[in-house]
There are 2 protein chains.
Amino acid sequence: MAQRMAGADRQRQILDAAVRVFARQGFHTCRVADIADEAGVAYGLVYHYFGSKEEILDRIFLERWNVMLEVIREIDAGDAPARAKLEAVAGFIVESYRHDPDVMKVIIVEVTRAANSFGRTHLEKIGEAYDLIAQIVARAQADGEFKDTVTPKFAAMAFYGAIEQVLTGWIFDLLPAGEAEYDRAKGLVVETVCGGLDATPASAGTV
Amino acid sequence: MAQRMAGADRQRQILDAAVRVFARQGFHTCRVADIADEAGVAYGLVYHYFGSKEEILDRIFLERWNVMLEVIREIDAGDAPARAKLEAVAGFIVESYRHDPDVMKVIIVEVTRAANSFGRTHLEKIGEAYDLIAQIVARAQADGEFKDTVTPKFAAMAFYGAIEQVLTGWIFDLLPAGEAEYDRAKGLVVETVCGGLDATPASAGTV
DNA sequence: ATAGGGATTGACTGGCGAGTCAACTCAGCG
DNA sequence: CGCTGAGTTGACTCGCCAGTCAATCCCTAT
């Protein structure tokens, strides 16, 4: 059935199939046989390339998360204002979702937000992202760009939580999704968390 | 072993044990036997009071979530400023966590954030909460208390996501927890989402 | 007293699904 | 042209665990 193929390619093929299956059925609900079927490959071959079902999820998560950590580090290294940096971070996450919603769905639903049971393994890796965002906030507070009423870690959690919840809204059809919404969301998350929902004090003060 | 007891009490006892077990081991990882043991009750008795393992989780979630929906409705019915309403909502959620961290952990980790597989059943119920918060925002926008750069639904997701992520931080020790932090968090989430992280334009303008 | 019936028990079953493995295929190489 | 080893196959094993059920217990009513 499956033609001979270089190892790396076959692995990729199984990984991609797993992403689709995990996104569709959920990690716990799906069987390894489903992944093999989706990939058009024999059951046993999955175990030729991966040690376990969990290892597949590991790989899916780590591959994408490491890219994100790298991107955030680069963004942080620049000298743009913090608000622009946060917008870049939000933008990257939204773009990730636009580019491959299934991968993001799996990461959010099965790893990031499943820190019990499975995700516990990756708690440290997940925390790295929060720390990087916290660092951006901390610097902005030191510069006076952000107020320091909130600890950087707290702000980072609120910021990341807001984004993840918006993605969750798209994933489960609780929020209108679509190209236009994705574009707008990048800015709006930052506008909300940085600018706040309040009508601006400035204009309130001028009344 | 277990003394005779009124049906409702025994059910409660099993429910409470289940909360502890789910919080400790996770829904998928624990066995029904663990719940029975924790409750000090025979295996079969669990099935005398509940139709299935899932039904137990259902009950835990619905009991608490319905209380929350009711509270939010009451808060919304008052005529306080939206910011105070949101603070009340955040306060209730934080108090819920302080009062019974295990229940909130189970709800967040196993239901709210597991909308694939299991939580799908409750998606509608979960959405109700977001809608109620959105309503608060919508009214505030109509009154001019909030800007209308963001759709109410979007703001609701960002707000709820921020809170849930903060709780998640406490649950998994990514954020310092404790009585003082809980008290502060209520206001800070609202301060962050309503007031924004930016140094206020007013004070920036006076420099 | 004692019968009735809900509460309680825990051994047992049935199915499911992760992971194994022995057999097979075949491209490339000497 | 046979040999080798990586790639591929899918039937099979084996443990686990949700859910069943027949037996037992003990409160209550008569």
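Just so it is clear: chains get the letters A, B, ... in the order the sequence lines come, proteins before strands, and each one is counted from 1.
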Output the rounded distance in Å from NE2 (A/His28) to P (D/dC16). 18 Å
Nearest 0.5 Å, please: how far is CG in A/Leu174 from NZ in B/Lys153? 7.5 Å
Separation of C/dA18 atom P from A/Glu55 atom CD, nearest Å, is 15 Å
Closest to the A/Tyr49 side chain: D/dT8, D/dG19, C/dA18? D/dT8
Which whole-number value in Å describes the distance from A/Asp9 CG to D/dT8 C1'? 16 Å
Whole-Å distance, A/Tyr43 OH to D/dT13 C1', equals 12 Å
When rounded to whole Å, the CG to P distance for the pair B/Leu45 and D/dT24 reads 18 Å
Which of C/dG19, D/dG7, D/dA18 is nearest the side chain of B/Arg31? It is D/dA18
Minimum heavy-atom separation for B/Asp76 to B/Lys85, with atom names? O-NZ, 2.9 Å
Between C/dG17 atom C1' and A/Asp37 atom CG, what is the distance in whole Å? 14 Å
Phosphate OP1/OP2 of D/dT8 contacted by A/His48 side-chain N/O (<4.0 Å): no
Side chain of B/Asp34, backbone of B/Arg31: donor and acceptor closer than 3.5 Å? yes
Between B/Tyr47 and C/dT8, does any side-chain N or O lie under 4.0 Å from OP1 or OP2? no
Is it true that a side-chain atom of A/Glu145 and a backbone atom of A/Ala82 form a donor plus acceptor pair closer than 3.5 Å? yes
Side chain of A/Ala42: nearest nucleotide among C/dA18, C/dT9, D/dG10? D/dG10
With the side chain of A/Arg10 defined as its heavy atoms from C-beta on, choose the nearest nucleotide among D/dG7, D/dG19, C/dA7. D/dG7
B/Lys53 side chain, from C-beta outward: closest of D/dG7, C/dG10, D/dG19: D/dG19
